[in-house]
Amino acid sequence: MFLKREFFKRKTELVARDLLGKFLVRKIGRNILAGMVVETEAYVGPHDLACHASKGRTKRTEVMFGPAGVWYVYMIYGMYYCLNIVTEEKEYPSAILIRALEPSFIPSLQSTPRTLTQGRGKRGGLLSNSANGPGKLCKAFQIDKNFNCTSAVTKKSKLYFEDRGIKIPKNKIIKTKRIGVEYSGQWKNRPLRFYIKGNRFISKP
DNA sequence: CAAGAGATCATCT
DNA sequence: GATGATCTCTTGA
């Protein structure tokens, strides 16, 4: 089943944790790519100095002040895109960065199974290094600025989440500090990064 | 292995 | 004009 707005309209930390084990699904023409979310980071509001919205309401951050279940995609370092899903109530700017996916086959396709091999070289097969980072997963899933401000919770969306019945037990979830936010003062050490313990598709231990 | 540099541009000052 | 929610490649121990 596909995740609706209600799922995202909750405390960001909770959503970030619950997103582990869910599947990101991307439709490209007749093809479908999917991957299980194995790593996320929460950016939890206007006082979170690592959250872009802490700098105020600007053209770029506007989307985070809107309703939950909308994509926030931005370019970073002039080279990569980062995919985020907006959470919580309107007017409360918060989002979750999707940091890594475990590539998967799509059992429902009876034709040749597709794997996540679009992003980088190498021949077919499950690549452990094609979606293990926010920039790389966007490349692999062909996600760019066109998705910014679009909804993830309408049926016609070409990018959305599914619950396929996988539950990650609490003792399998690691909670630690976020990556690349050294500038954010006290917030840099807050445990707002979540990943599945022992999973080999995460971006960093 | 770890550490450092460079690529490259949208966004904000 | 500076900087970054990144990644890959190079260097050196």
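For clarity, every value in this text was computed on a predicted model and none was experimentally measured. Each chain gets a letter, A, B and so on, in the order its sequence line appears, and its residues count up from 1.
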Counting side-chain heavy atoms from CB outward, which of dC7(C), dA5(C), dC12(B) is closest to Arg60(A)?
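Out of dC7(C), dA5(C), dC12(B), the nucleotide with an atom closest to Arg60(A)'s side chain is dC12(B).
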
Below 4.0 Å: OP1/OP2 of [N] and any side-chain N or O of [X]:
X         : N      : result
Arg99(A)  : dT6(C) : yes
Lys55(A)  : dG4(C) : no
Lys139(A) : dC7(C) : no
Tyr183(A) : dA5(C) : yes

Pair assignment for dT11(C), Watson-Crick or G-U wobble, requiring both distances under 3.5 Å:
dA2(B)

Could you check which nucleotide pairs with dA2(C) in any of the strands shown, counting Watson-Crick or G-U wobble with both distances under 3.5 Å?
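Pairing partner: dT11(B).
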
What contact category does Ser203(A) fall into here, base, sugar-phosphate, or nothing, at under 4.0 angstrom with non-hydrogen atoms?
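The answer is nothing, as Ser203(A) stays clear of every strand by at least 4.0 Å.
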
Is Gly78(A) touching bases, backbone alone, or none of the nucleic acid, heavy atoms closer than 4.0 Å?
base

Rounding to a whole Å, what distance do you find between [X]:[atom1] and [N]:[atom2]?
X         : N       : atom1 : atom2 : answer
Tyr77(A)  : dT3(C)  : OH    : P     : 12 Å
His52(A)  : dT13(B) : NE2   : C1'   : 16 Å
Ile76(A)  : dC12(B) : CD1   : C1'   : 13 Å
Tyr43(A)  : dG4(C)  : OH    : P     : 13 Å
Leu49(A)  : dG4(C)  : CG    : C1'   : 15 Å
Met79(A)  : dA5(B)  : CE    : C1'   : 12 Å
Ile179(A) : dG4(C)  : CD1   : P     : 16 Å
Met75(A)  : dC12(B) : CE    : C1'   : 17 Å

Quick one: closest heavy-atom pair of Lys204(A) and Arg193(A), and the distance?
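Closest pair (atom of Lys204(A), atom of Arg193(A), distance): O-NH2, 2.6 Å.
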
Establish whether the base of dA5(C) is bridged to the side chain of Tyr74(A) by a donor-acceptor pair shorter than 3.5 Å.
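Counting by modelled atom types and ignoring angles, a donor-acceptor contact under 3.5 Å is found here.
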
Tell me yes or no: between the side chains of Ser151(A) and Ser157(A), is some donor less than 3.5 Å from an acceptor?
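Looking only at side-chain atoms, Ser157(A) and Ser151(A) do not form any donor-acceptor pair under 3.5 Å.
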
Trp71(A) and ring-ring contact (aromatic ring centres under 6.0 Å, His included): which partner among Phe141(A), Tyr81(A), Phe161(A)?
Phe161(A)

Answer yes when Glu162(A) and Arg164(A) have at least one side-chain N-carboxylate O distance shorter than 4.0 Å, and no when they do not.
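Salt bridge: yes.
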
Any carboxylate oxygen within less than 4.0 angstrom of a Lys/Arg side-chain nitrogen, looking at Arg190(A) and Asp48(A)?
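Here Arg190(A) does not pair with Asp48(A) in a salt bridge, since their nearest N and O are not under 4.0 Å apart.
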
